[in-house]
Undergrad: 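Mind looking over this structure? Questions follow.
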Amino acid sequence: MHVAISGNIGVGKTTLCKMLAKHYKWNPLFEAVDNNPYLDDFYEDMQRWSFNLQVFFLNSRFRQVQEIKKSKKNIIQDRTIYEDAYIFAPNLQAMGLMTLRDYENYLELFRLMESFVSPPDILIYLRSDIPALVEKIQSRGREYEEGIRIDYLKRLNERYEAFFANYEHNHIVIQANEIDFANSKKDFELILNKIDRNLKKISKK
């Protein structure tokens, strides 16, 4: 079983990943943030470091996909390789923060990897409005995130909506800014109920 969580920066993916891993006894795979050598530089100068950052994430995520394929365990993944290629990279290019040459080079690399990639059995989309994202980003106090632009978050939200409007594989949408799953047992159970119903559908196939 491969379950993944997607959503904008600060929406609560890592928190939910840890909670679901504990509840279902799944093995978590987290996004490479703490050991990412480009994040600080990227948020200081997005245009200069966008290509480097996206290639780092692409490589990291592809390694995770290979781990998942080889593993016989139940895995829950914090963000997917699809978001890198269909949301973050094109958003940077559209905002003029990645050159067309770098973007096309990036896409060639992704297309090569894509033939080795399968979608997760369940993809959980944490949706949130911008004010809630900003509040969470500020509350967690990561220094490198202080320079995140509101228009950057807004454009990412728009791309997430477009991506899931056309996503044909199994997924669950959760309006994250309307619940507090991290602190409310009742709210967390709402998510568990959605996942349990989805798991039952999969088991019947």
Undergrad: Grab the two heavy atoms, one from I195 and one from W26, that are nearest each other, plus how far apart they are.
TA: CG2-CH2, 4.2 Å

Undergrad: Do K154 and E158 pass the salt bridge (charged side-chain N to carboxylate O under 4.0 Å, His left out) test, and can you show the C-alpha distance, the side-chain angles, and the key distance before you say yes or no?
TA: CA-CA 6 Å; K154 183 175 181 292; E158 291 169 355; 2.8 Å; yes

Undergrad: In this structure, would L53 and L153 fall into the same cluster of hydrophobic residues linked by side-chain contacts under 4.5 Å?
TA: yes

Undergrad: Which heavy-atom pair separates K13 from D78 by the least distance, and what is that distance?
TA: CB-OD1, 3.5 Å

Undergrad: Could you tell me the separation between the NZ atom of K194 and the CG atom of L192, rounded to the nearest 0.5 Å?
TA: 12.0 Å

Undergrad: Can you hop from I9 to F57 via hydrophobic side chains spaced under 4.5 Å?
TA: yes

Undergrad: Please determine whether residues L156 and L92 belong to a single hydrophobic cluster, defined as Ile, Leu, Val, Met, Phe, Trp and Tyr linked transitively by side-chain heavy-atom distances below 4.5 Å.
TA: yes

Undergrad: Can you name the nearest heavy-atom pair linking S128 to N157, along with the distance?
TA: O-ND2, 2.8 Å

Undergrad: Does a side-chain heavy-atom distance below 4.5 Å link P28 with K18?
TA: no

Undergrad: Working to the nearest 0.5 Å, report the span between CZ of F30 and CD1 of I76.
TA: 8.5 Å

Undergrad: Looking at R111 and E114, is there a salt bridge between them, counting it only when a charged N and a carboxylate O are closer than 4.0 Å?
TA: no

Undergrad: Check whether any side-chain heavy atom of D41 lies under 4.5 Å from a side-chain heavy atom of R48, and answer yes or no.
TA: no

Undergrad: Do I174 and V11 sit in the same hydrophobic cluster, where Ile, Leu, Val, Met, Phe, Trp and Tyr count as joined when their side-chain heavy atoms come under 4.5 Å apart?
TA: yes

Undergrad: Short question: side chain of S115, backbone of L112 - any donor-acceptor pair under 3.5 Å?
TA: yes

Undergrad: Mind listing the closest non-hydrogen atom pair of I81 and R61 along with its distance?
TA: N-CG, 3.3 Å

Undergrad: With a 3.5 Å distance limit and no angle check, can you tell me whether N74 reaches the backbone of M1 through a side-chain donor-acceptor pair?
TA: yes

Undergrad: Tell me whether the rings of F164 and Y125 are parallel (<30°), tilted (30 to 60°) or perpendicular (>60°).
TA: parallel

Undergrad: Apply side chain to side chain contact (heavy atoms under 4.5 Å, CB included) to the pair F42 and F56, showing each step before the final yes or no.
TA: CA-CA 12 Å; F42 171 72; F56 177 87; over 6 Å; no

Undergrad: Does Y160 belong to the same Ile/Leu/Val/Met/Phe/Trp/Tyr cluster as I179, with side-chain heavy atoms less than 4.5 Å apart forming each link?
TA: yes

Undergrad: Output, in order, the C-alpha distance, side-chain angles, deciding distance and verdict of side chain to side chain contact (heavy atoms under 4.5 Å, CB included) for Q47 and D45.
TA: CA-CA 6 Å; Q47 190 167 16; D45 188 349; 4.1 Å; yes

Undergrad: Could you give me the CA-CA distance, side-chain angles and deciding distance for M95 and R149, then say whether side chain to side chain contact (heavy atoms under 4.5 Å, CB included) is met?
TA: CA-CA 12 Å; M95 291 181 71; R149 292 159 42 175; 3.4 Å; yes

Undergrad: Taking the side chain as every heavy atom from C-beta outward, state whether L29 and E67 have any pair of such atoms under 4.5 Å apart.
TA: yes

Undergrad: Please round to the nearest 0.5 Å and tell me the distance separating atom CG of L123 and atom OH of Y82.
TA: 9.5 Å

Undergrad: I'd like to check L199 versus R197 (side-chain heavy atoms, cut-off strictly below 4.5 Å). Are they in contact?
TA: no

Undergrad: For C17 and Q77, which heavy atoms make the closest approach, and how far apart are they?
TA: SG-C, 4.4 Å

Undergrad: Return the CG to CZ distance between N8 and R79, rounded to the nearest 0.5 Å.
TA: 7.0 Å

Undergrad: Is there a ring pair (Phe, Tyr, Trp, His ring centres under 6.0 Å) between Y167 and F163? Walk through the geometry before answering.
TA: CA-CA 6 Å; Y167 187 74; F163 174 77; 5.4 Å; yes

Undergrad: Answer yes or no: does atom CD of E161 have more than 12 heavy-atom neighbours from other residues, nucleotides or ligands under 6.0 Å?
TA: yes

Undergrad: Is N170 close to D121 at the side-chain level, that is, under 4.5 Å between some pair of heavy atoms?
TA: no

Undergrad: Evaluate side chain to side chain contact (heavy atoms under 4.5 Å, CB included) for F62 paired with V117, printing each intermediate quantity in order.
TA: CA-CA 8 Å; F62 186 68; V117 174; 4.2 Å; yes

Undergrad: Assess the pair F88 and Y106: is the distance between their ring centroids shorter than 6.0 Å?
TA: no

Undergrad: Keeping K136 on the side-chain end and G10 on the backbone end, is there a donor-acceptor pair under 3.5 Å?
TA: no

Undergrad: What heavy-atom pair brings E83 and S6 nearest, and what distance separates the two atoms?
TA: OE2-CB, 3.0 Å

Undergrad: Are the side chain of S50 and the backbone of L97 linked by a donor-acceptor contact shorter than 3.5 Å?
TA: yes

Undergrad: Donor-acceptor check, side chain of E108 to backbone of N105, threshold 3.5 angstrom: yes or no?
TA: no

Undergrad: Do N177 and Q175 meet the criterion of a side-chain donor-acceptor pair at a distance under 3.5 Å?
TA: yes

Undergrad: Can you check whether D180's main-chain N or O pairs, donor with acceptor, with D187's side chain at less than 3.5 Å?
TA: yes

Undergrad: Heavy atoms, side chains only, cut-off 4.5 Å: are T15 and F181 in contact?
TA: yes

Undergrad: Return the CD1 to CD1 distance between I172 and I5, rounded to the nearest 0.5 Å.
TA: 10.0 Å

Undergrad: Rounded to the nearest 0.5 Å, what separates atom OG in S203 from atom CG in N198?
TA: 10.0 Å

Undergrad: Can N91 and Y86 be said to form a side chain to side chain donor-acceptor pair (under 3.5 Å), step by step?
TA: CA-CA 8 Å; N91 183 60; Y86 294 120; over 6 Å; no

